[in-house]
Amino acid sequence: MTKLWADQPFKLIPTPTATETEGLSKEVAEVATEMCLAHNVMVRNLNAIHLQCEQVTKPEDVTDFILFCQTSLEEIHTHHATEEDFFFPQVAEYTGEKNIMEVNITQHHAFEKGLKDFEEYIYNATPETYDGKKVKEMLDRFVEILVVHLSDEIQTLLALDKYGGEKLGPIWAQFNKKILAQVKDMHRVLPCALGAVDKTFEGGKHNFPPLPWFLPYLAKYYFARKHKGSWRFSPCTMFGIPRPLEFAKDVE
């Protein structure tokens, strides 16, 4: 017997292939790849929620799981808000195309209501009111649309090369700095994010995220301790090693 893992039911996004990036600037290829890997962190956490939500029933487990759901949502919210407030406008400015990211912004709005509904539910949930079946139903209303957006955005980034790909690198660096600057509680955000990084993805060829070697240790032995029960639901260790989902169903 094995357990379902966080590469389903919502599909992870493959990074751009050598064929797709052939002839493109190094900056565009790197940004598109890193954005893809960041998107997959979100998808793995959503899959982990989807696969475990109905089996989480004990009050103490529900309390931890609710926080895991909240931190996963906070990660998505910060990412997309920073895109709309900074990254997309910067791309529009350097390309000279005011509406170049309009399709991506429209896609944000397409899953916005479902995301907001789930957010409202999970921030008001208690061990007494929590309903795993409802959680799964709410995810099914918006995650598929979200994943389509996350995938399409990679193609949009690759297409920016014709505007001068070398200009994208500094914007990407600033984007990442702005995301980090918005982190209010590293005890929530860092363990949630690192716990969905799969260092074995696509054969382990990606050095992502590009962090100091000691940070996973700091996350595991310091930041993760405050809410350690919540990271039982993470699909990976703080060091990027995939692990069985404790509350996922067994399959033959």
Side-chain angles (χ1 to χ4, degrees), residues 3-17 20 31-54 65 67-83 87 104 107-108 110-119 122 135-158 175-176 179 188-206 208-209 230-238 240-249:
K3 290 182 179 291
L4 295 172
W5 194 68
D7 54 355
Q8 58 181 298
F10 307 108
K11 293 183 179 179
L12 298 175
I13 307 161
T15 58
T17 64
E20 289 178 299
V31 169
T33 297
E34 288 195 13
M35 183 71 89
C36 180
L37 295 170
H39 287 174
N40 281 337
V41 168
M42 302 179 213
V43 178
R44 287 189 196 98
N45 274 336
L46 289 170
N47 279 334
I49 294 171
H50 194 280
L51 291 172
Q52 298 179 96
C53 59
E54 290 185 295
F65 189 66
L67 189 138
F68 178 70
C69 293
Q70 290 173 354
T71 55
S72 299
L73 287 174
E74 287 160 15
E75 179 187 20
I76 295 170
H77 177 74
T78 299
H79 181 89
H80 286 107
T82 310
E83 280 186 334
F87 188 68
N104 302 95
Q107 287 179 327
H108 279 193
F111 60 77
E112 196 172 58
K113 185 182 186 306
L115 183 63
K116 187 175 181 179
D117 288 345
F118 181 47
E119 188 175 61
I122 210 66
V135 167
K136 181 174 282 190
E137 290 172 351
M138 295 184 86
L139 290 177
D140 286 337
R141 291 176 198 157
F142 76 91
V143 178
E144 196 68 57
I145 303 169
L146 169 63
V147 174
V148 169
H149 157 70
L150 296 177
S151 181
D152 287 353
E153 194 170 274
I154 307 307
Q155 299 305 313
T156 300
L157 293 174
L158 293 174
F175 171 69
N176 284 319
I179 285 181
R188 292 169 69 97
V189 175
L190 188 60
C192 179
L194 289 184
V197 173
D198 177 7
K199 291 286 189 179
T200 71
F201 181 64
E202 295 184 332
K205 66 181 181 180
H206 304 292
F208 178 87
S230 295
W231 318 128
R232 293 179 290 153
F233 306 100
S234 295
C236 301
T237 69
M238 296 293 122
I241 306 303
R243 64 185 185 185
L245 294 173
E246 184 177 339
F247 290 82
K249 292 180 180 178

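Any value given below was found using the heavy atoms of this structure, including those in side chains, with hydrogens, waters and symmetry copies removed.
The closest side-chain heavy-atom distance from F65 to R232 is not below 4.5 Å. Taking the side chain as every heavy atom from C-beta outward, D198 and P235 never approach each other to under 4.5 Å. With contacts defined as side-chain heavy-atom distances shorter than 4.5 Å, the pair N47/P9 qualifies. Using a 4.5 Å heavy-atom threshold, the side chains of P209 and L194 count as touching. A 4.5 Å side-chain heavy-atom check between F118 and V135 finds at least one atom pair inside the cut-off. Annotation: side chain of Q70 is in contact with side chain of R188 (closest heavy-atom distance under 4.5 Å).
For H50, the ring-ring contact (aromatic ring centres under 6.0 Å, His included) partners are F10, not counting sequence neighbours. Remark: K113 pairs with D117 by the side-chain contact (heavy atoms from CB on, under 4.5 Å) rule, at least two apart or across chains. For R141, there are no side chain to side chain donor-acceptor pair (under 3.5 Å) partners two or more places apart in sequence or in a different chain. Listed by chain and number, the residues in a side chain to side chain donor-acceptor pair (under 3.5 Å) with T33 amount to none (sequence neighbours excluded). Residues forming a salt bridge (charged side-chain N to carboxylate O under 4.0 Å, His left out) with R243 (at least two apart in sequence, or on another chain): none. Residues satisfying the side-chain contact (heavy atoms from CB on, under 4.5 Å) test with I241, not counting sequence neighbours, are T237. Residues satisfying the side-chain contact (heavy atoms from CB on, under 4.5 Å) test with E202, not counting sequence neighbours, are P14, T15, K205, H206. L115 is linked by a side-chain contact (heavy atoms from CB on, under 4.5 Å) to L73, I76, F111, F142, counting only residues two or more places apart in sequence or in another chain. Remark: K136 pairs with E54 by the salt bridge (charged side-chain N to carboxylate O under 4.0 Å, His left out) rule, at least two apart or across chains. Scored by the side chain to side chain donor-acceptor pair (under 3.5 Å) test, E153 finds H39, H149 as partners (sequence neighbours excluded). Here Q155 pairs with E20 under the side chain to side chain donor-acceptor pair (under 3.5 Å) rule; sequence neighbours left out.
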Go through C192 and N45 one step at a time and tell me if the side chain to side chain contact (heavy atoms under 4.5 Å, CB included) criterion holds.
CA-CA 8 Å; C192 179; N45 274 336; 3.5 Å; yes
Applying side chain to side chain contact (heavy atoms under 4.5 Å, CB included) to L46 and L146, what does each step give before you reach the verdict?
CA-CA 11 Å; L46 289 170; L146 169 63; 3.6 Å; yes
Apply the test side chain to side chain contact (heavy atoms under 4.5 Å, CB included) to residues T82 and H77: give CA-CA distance (whole Å), side-chain angles for both, the deciding distance (0.1 Å), then the verdict.
CA-CA 8 Å; T82 310; H77 177 74; over 6 Å; no
Could you walk me through whether S72 and I49 pass side chain to side chain contact (heavy atoms under 4.5 Å, CB included), step by step?
CA-CA 9 Å; S72 299; I49 294 171; 4.0 Å; yes
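Side-chain atoms of S151 never come within 3.5 Å of backbone atoms of V148 as a donor-acceptor pair (strictly under, hydrogens ignored). The backbone N or O of L245 lies less than 3.5 Å from no partner atom in the side chain of W5, so there is not a single donor-acceptor pair. For N40 (side chain) and I13 (main-chain N/O), a donor-acceptor pair under 3.5 Å exists by modelled atom type.
Classified by interplanar angle (parallel below 30°, tilted 30° to 60°, perpendicular above 60°), the ring pair F68/W231 is perpendicular.
H79 and E75 share no donor-acceptor pair across their side chains, judged by distance under 3.5 Å alone. D152 and Q107 share a side-chain donor-acceptor pair at under 3.5 Å.
Here the closest non-hydrogen pair linking A48 and A6 is N-CB, 4.2 Å. The minimum heavy-atom distance between I154 and A32, with the atom names listed, is CD1-O, 3.7 Å. Shortest non-hydrogen contact noted between K3 and P244 is CD-CB, 4.4 Å. Contact record, S234 with G195: CB-O, 3.5 Å, taken as the closest heavy-atom pair.
Between atom CE of residue M35 and atom CG of residue N176 there is a gap of 8.0 Å, rounded to the nearest 0.5 Å. Atom CD in E112 sits 10.5 Å away from atom NE2 in H80 (nearest 0.5 Å). In this structure, CD1 in I179 is found 7.5 Å from OG1 in T78, a value given to the nearest 0.5 Å.
For residues 38-50, no pair satisfies salt bridge (charged side-chain N to carboxylate O under 4.0 Å, His left out), with sequence neighbours left out.
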